[in-house]
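These numbers come from a predicted model, not from an experiment. We're numbering straight along the sequence, starting at 1. What you see below is based on every heavy atom in this structure, not just the backbone, and it leaves out hydrogens, waters and symmetry mates. Numbering of ligands and ligand atoms starts at 1, following listing order.
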Amino acid sequence: MNIYLDNASTTKPCEPAVSAAFYCMVENYGNPSSLHKMGIEAEKVLNDTRRAIASAIACAPESVYFTSGATESNNAAILGAAEIYGRRKRKIVTTSIEHPSVAEPIKRLEELGYEVVRISPNRSGEIEYEDIISAVDDNTCLVSCMLVNNENGYILPIKRAFMAIKRNFPECITHCDAVQGFLKIPIRANEIYADLISISAHKIHGIKGVGALIMKKGIRIAPILRGGGQEKGVRSGTESVPLIAGFGAAVSALSPTLQQAIKNAEEINEYLRSRLSDIEGISINSKQDSCSPFIMNISVERIRSEIMLHHLESKGIFVSSGSACSKGAKSSVLKEFGLSDRLIDSAIRISISRETTWGDIDALISGIRDGQEKLLK
Ligand code: PMP
């Protein structure tokens, strides 16, 4: 049986998501833009999912725009906001630990002449909200900061930073990549002072290929995809009704039990920490008090990440080496957090889900111990 501990890469779609998607493929397959009954039935799915997301994140349903995933949401938010708000204000503030789907569009804007300030973690591996606030000035059109880092689970002080920025510079647009936080830590859109929020279905037991951009009323972005004017012109292209139905079903299934899920994740995280601390040669790269309980980055000293990853795989245990998105390339994000090359070379990311059991952790621990015995010989 597989022991899947790579949930920050993607999660197993839950049964309600799969059934809802299936129904939309075999029965409710109309185009939501069609004026007839089948179109209206399909449009109802979109609006139901908008309402489910809105109630999970405390925003207006009309603020939810569907995209193909968080990579698109991030690109649309950053490139789209810069086009509208960055004509005269040419500065962008971000962090040095963003996911590539934020870092790359910002790099592109830098090539086009924007000034970019990237805030790095301090010596204790934390982003100081004062650093973000003081980097913003009258010339800043956009601030983009993630909520939870995907490589080590670190939770950024978004609320404190964005609150001060919106107070001092109300015209500066705030964007948050909340992919690893949505339905994993409590988030209320109106309390984090983000004008734009990106989320993705496949990280919360929905299906790959759908996400949302949550855009506050009154904010505008220039669309990247132009065409038929779907999603109020923010994102043209026929909406993927099955994937959106699955997204809504996953959100509705997960959100009522969020508090319980967090408590369980904290207990499993604590158990994992205590078991790991019994093993020699392990460094835990995620601090308990400042990281999401769903992600733990560790280094098994003197064993390269991929070697340990494949050893665990041979026992049916699946983890990631650093960030799965970087396909094993050395992580610049972990370097930013102050990890030595030695620790980065041996870093693995363990990311749990609501389905993870204590037995899974026991299997992982014995897999790591066994790996040390065999691979360190
Ligand atoms: N942002 C973060 C923090 C992520 O972890 C990911 C997924 N690895 C993305 C964005 C991209 O999401 P998607 O796969 O939906 O494009």
Tell me whether [X] reaches ligand 1 (any heavy atom closer than 4.0 angstrom to a ligand atom).
X	result
S101	yes
K208	no
K203	yes

Between E41 and K44, is the closest basic N to carboxylate O distance under 4.0 Å? no

Could you tell me whether some N/O pair between [X] and ligand 1 is separated by less than 3.5 angstrom?
X	value
Q180	yes
T71	yes
A70	yes

side-chain contact (heavy atoms from CB on, under 4.5 Å) test vs F182 passes for just one of I197, I199, L147, namely I199

Identify, by atom number and element, the atoms of ligand 1 in contact range of [X], meaning under 4.0 Å from any of its heavy atoms.
X	answer
M146	3 (C)
S200	13 (P), 15 (O)
H202	13 (P), 14 (O), 15 (O)
G69	15 (O)

Under the side-chain hydrogen bond (donor to acceptor under 3.5 Å, both in side chains) rule, collect the residues that match up with S19, sequence neighbours excluded.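 Expected list: E15.
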
Atom pair CD1 (I303) and CE (M308), whose distance is rounded to the nearest 0.5 Å: 4.0 Å

Let me know which of K12, R349, K203 forms a salt bridge (Lys or Arg N to Asp or Glu O under 4.0 Å) with D6. R349

Name of the residue among R50, E231, K232 meeting side chain to side chain donor-acceptor pair (under 3.5 Å) with Y65: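 One option only clears the test, and that one is K232.
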
Taking only residues at least two apart or on different chains, which pairs with a member in residues 246-257 satisfy side-chain hydrogen bond (donor to acceptor under 3.5 Å, both in side chains)? T257-R354

My understanding is that we take every heavy atom of each candidate and find the minimum distance to atom 2 (C) of ligand 1. Doing that for D177, V148, L147, I97, which one comes out nearest?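 Heavy atom nearest to atom 2 (C) of ligand 1 belongs to D177.
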
Given the rule that I, L, V, M, F, W and Y join up when any side-chain heavy atoms are under 4.5 Å apart, are V93 and M146 in one cluster?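 Linked within one cluster.
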
